[in-house]
Enquirer: 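What follows is a single structure, and I will ask about it in a moment.
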Amino acid sequence: MLFLSMLLMGGIIGFVGAGGSGVIITLLVVGFGVPIHQALAVALGSMAFTTLSGAISHYREREVVPLTGAVLGTGGLLGALIGAVLSNHIEAPNLSLFTGVMLLSSALLLYLRIYQAVWLGRQIPVREELLTGRRLYLCGLPVGFLCGVLSGAFGIGSAAYIQIALMVIFGVPLLQAIGTTMMIIVPISISGGIGYILYGQLEPWLFIQTLVALSVGSFFGAKLTHLAPLPVLRFWIVALPTIGGMIMVFFR
């Protein structure tokens with residue numbers, strides 16, 4: 001049942017084009033009774049593999065800003081490890097609540113970016129030129145560190161936060177912000193996963209089932225993306241983390 005459920009979830013994630021790590025955590029914790037810390041370890045470990053292929057693809061298409069990604073990724077590498085350590089000292093009910101709140105906040109950011117882009121642009125001016133030089137390091141390392149802590153502690157990829165930061169603070173265009181975000185998430189997820197492994201939270205068989213099912217499901221789901229109307233895709237990009245967050249908050 002776990003493998004089949006993750007296969008279906010992978011198809012949905014591939015179809016919608018969303019990361020879905022928060023929804024995976026929700027399914028493991030609420031649907032199958034997996035302890036929250038083990039679920040976070042599985043989600044981060046899976047993300048390390050799924051985002052790596054995406055990052056390579058974006059890099060080949062020149063949709064990555066390597067230096068910006070490397071600076072934020074370096075900060076995130078340290079932050080995710082610290083976040084994972086902190087997470088292992090948070091009691092399960094509280095951790096589930098915090099994870100749900102993170103999911104809902106991510107859903108809100110996705111909603112604003114997709115449905116209220118004009119309004120959001122008026123409220124938050126986007127930087128028009130790439131941030132470079134010393135300021136890139138002064139801003140990039142702490143921003144990456146913060147995103148890493150959030151991801152490591154709550155198992156969420158923080159993609160929505162990273163993308164907005166790249167555009168607003170670092171002047172990365174939208175298309176390149178998507179690819180650069182994937183590059184940044186790779187070291188974050190690897191470091192966070194290592195943090196949970198050090199505490200013995202990664203259950204190998206659970207991880208293998210989840211990774212294989214998600215990979216197969218997302219591969220076939222992605223092939224159907226072009227068949228769906230754009231409004232349907234937009235709706236589910238926002239709906240997935242919203243549903244996952246509400247379940248984690250109310251049924252933890």
Side-chain angles (χ1 to χ4, degrees), residues 13 16-23 43-44 47 50-51 54-55 58-59 63-77 79-80 83 98-132 135-189 192 230 233-242 244-245:
I13 292 171
V16 173
S21 61
V23 185
L44 283 169
M47 252 192 331
T50 56
T51 55
H58 281 289
Y59 181 79
E63 295 169 354
V64 171
V65 183
L67 181 57
T68 302
V71 172
L72 269 74
T74 300
L77 188 74
F98 297 151
T99 300
V101 171
M102 276 287 295
L103 267 173
L104 291 174
S105 66
S106 297
L108 176 60
L109 286 178
L110 288 169
Y111 169 79
L112 292 175
R113 196 185 71 187
I114 293 173
Y115 290 100
Q116 304 294 333
V118 176
W119 177 85
L120 188 63
R122 290 199 300 264
Q123 305 303 315
I124 307 177
V126 175
R127 183 180 177 86
E128 296 182 359
E129 296 180 355
L130 279 176
L131 190 67
T132 58
R135 293 180 62 192
L136 171 61
Y137 294 90
L138 290 176
C139 296
L141 290 173
V143 169
F145 178 81
L146 178 60
C147 291
V149 170
L150 294 175
S151 295
F154 307 117
I156 310 299
S158 300
Y161 299 96
I162 296 172
Q163 285 182 19
I164 289 180
L166 286 173
M167 291 185 289
V168 173
I169 301 175
F170 301 95
V172 179
L174 176 59
L175 189 60
Q176 291 181 311
I178 295 172
T180 307
T181 296
M182 282 198 146
M183 174 187 173
I184 294 168
I185 290 177
V186 172
I188 286 178
S189 54
L230 186 57
L233 293 176
R234 287 176 173 174
F235 171 80
W236 282 107
I237 287 173
V238 177
L240 279 179
T242 301

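All values derive from a computational prediction rather than experimental measurement.
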Enquirer: Specify the closest pair of heavy atoms between Thr242 and Ala107, including all atoms of both residues, with the distance to one decimal.
Expert: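 Smallest heavy-atom distance, with atoms named: OG1-CB, 3.2 Å.
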Enquirer: Using every non-hydrogen atom in the two residues, find where Met183 and Pro66 come nearest and quote the distance to one decimal.
Expert: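 Residues Met183 and Pro66, closest heavy atoms: CE-O, 3.4 Å.
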Enquirer: Determine the minimum heavy-atom distance between Ile188 and Ser151, stating which atoms define it.
Expert: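 It is CG2-CB, 3.4 Å.
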Enquirer: In a check of side chain to side chain contact (heavy atoms under 4.5 Å, CB included) between Tyr161 and each of Leu109, Leu166, Thr181, which one passes?
Expert: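 Of the listed residues Leu109, Leu166, Thr181, the side chain to side chain contact (heavy atoms under 4.5 Å, CB included) partner of Tyr161 is Leu109.
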Enquirer: What's the shortest heavy-atom distance between Gly155 and Ala43, and which atoms?
Expert: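 Of all heavy-atom pairs spanning Gly155 and Ala43, the closest is O-CB, 4.2 Å.
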Enquirer: Take Val65 and Phe170 through the side-chain contact (heavy atoms from CB on, under 4.5 Å) test and state the conclusion after the steps.
Expert: CA-CA 10 Å; Val65 183; Phe170 301 95; over 6 Å; no
Enquirer: May I ask you to test the Phe154-Leu103 pair for a side-chain heavy-atom distance under 4.5 Å?
Expert: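 Contact flag for Phe154/Leu103 side chains = no.
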Enquirer: Going from OG1 on Thr74 to CG on Leu141, what distance comes out if it is rounded to the nearest 0.5 angstrom?
Expert: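 Interatomic distance, Thr74 OG1 to Leu141 CG, rounded to 0.5 Å: 6.5 Å.
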Enquirer: Could you give the distance from CG (Leu72) to CG (Leu136), rounded to the nearest 0.5 Å?
Expert: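 CG of Leu136 is found 7.5 Å from CG of Leu72.
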Enquirer: Evaluate the criterion side-chain contact (heavy atoms from CB on, under 4.5 Å) for residue pair Leu150 and Phe98; output intermediate values, then yes/no.
Expert: CA-CA 10 Å; Leu150 294 175; Phe98 297 151; over 6 Å; no
Enquirer: Would you check if Glu63 and Ile178 make a side-chain contact, meaning some heavy-atom pair closer than 4.5 Å?
Expert: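 No, side chains not in contact.
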Enquirer: Only counting residues at least two apart or in another chain, list the ones meeting side-chain hydrogen bond (donor to acceptor under 3.5 Å, both in side chains) with Thr132.
Expert: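 Not a single residue meets the side-chain hydrogen bond (donor to acceptor under 3.5 Å, both in side chains) criterion with Thr132.
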Enquirer: Taking C-beta and beyond as the side chain, do Leu131 and Cys139 meet within less than 4.5 Å on heavy atoms?
Expert: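 Heavy-atom side-chain distance check passes, below 4.5 Å.
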Enquirer: Going by the rule side-chain contact (heavy atoms from CB on, under 4.5 Å), which residues pair with Tyr115 if we only count those two or more places apart in sequence or in a different chain?
Expert: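 Scan of Tyr115 (side-chain contact (heavy atoms from CB on, under 4.5 Å), adjacent residues dropped) gives Tyr111, Arg234, Phe235, Val238.
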Enquirer: Which heavy atom of Gly69 sits nearest a heavy atom of Ile184, and at what distance?
Expert: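 Scanning both residues, the minimum pair turns out to be O-CG1, 3.6 Å.
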Enquirer: For the atom pair CE (Met182) and CD1 (Ile162), what is the distance rounded to the nearest 0.5 Å?
Expert: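 Nearest 0.5 Å value for the CE-CD1 distance: 11.0 Å.
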Enquirer: Shortest non-hydrogen contact from Ala177 to Met167?
Expert: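 That closest heavy-atom pairing would be CB-CG, 3.9 Å.
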Enquirer: Would you find a donor on one side and an acceptor on the other, under 3.5 Å apart, between the side chain of Ser105 and the backbone of Met102?
Expert: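 Yes.
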Enquirer: Given side-chain contact (heavy atoms from CB on, under 4.5 Å), test Leu130 with Val172 step by step and report yes or no.
Expert: CA-CA 6 Å; Leu130 279 176; Val172 179; 3.7 Å; yes
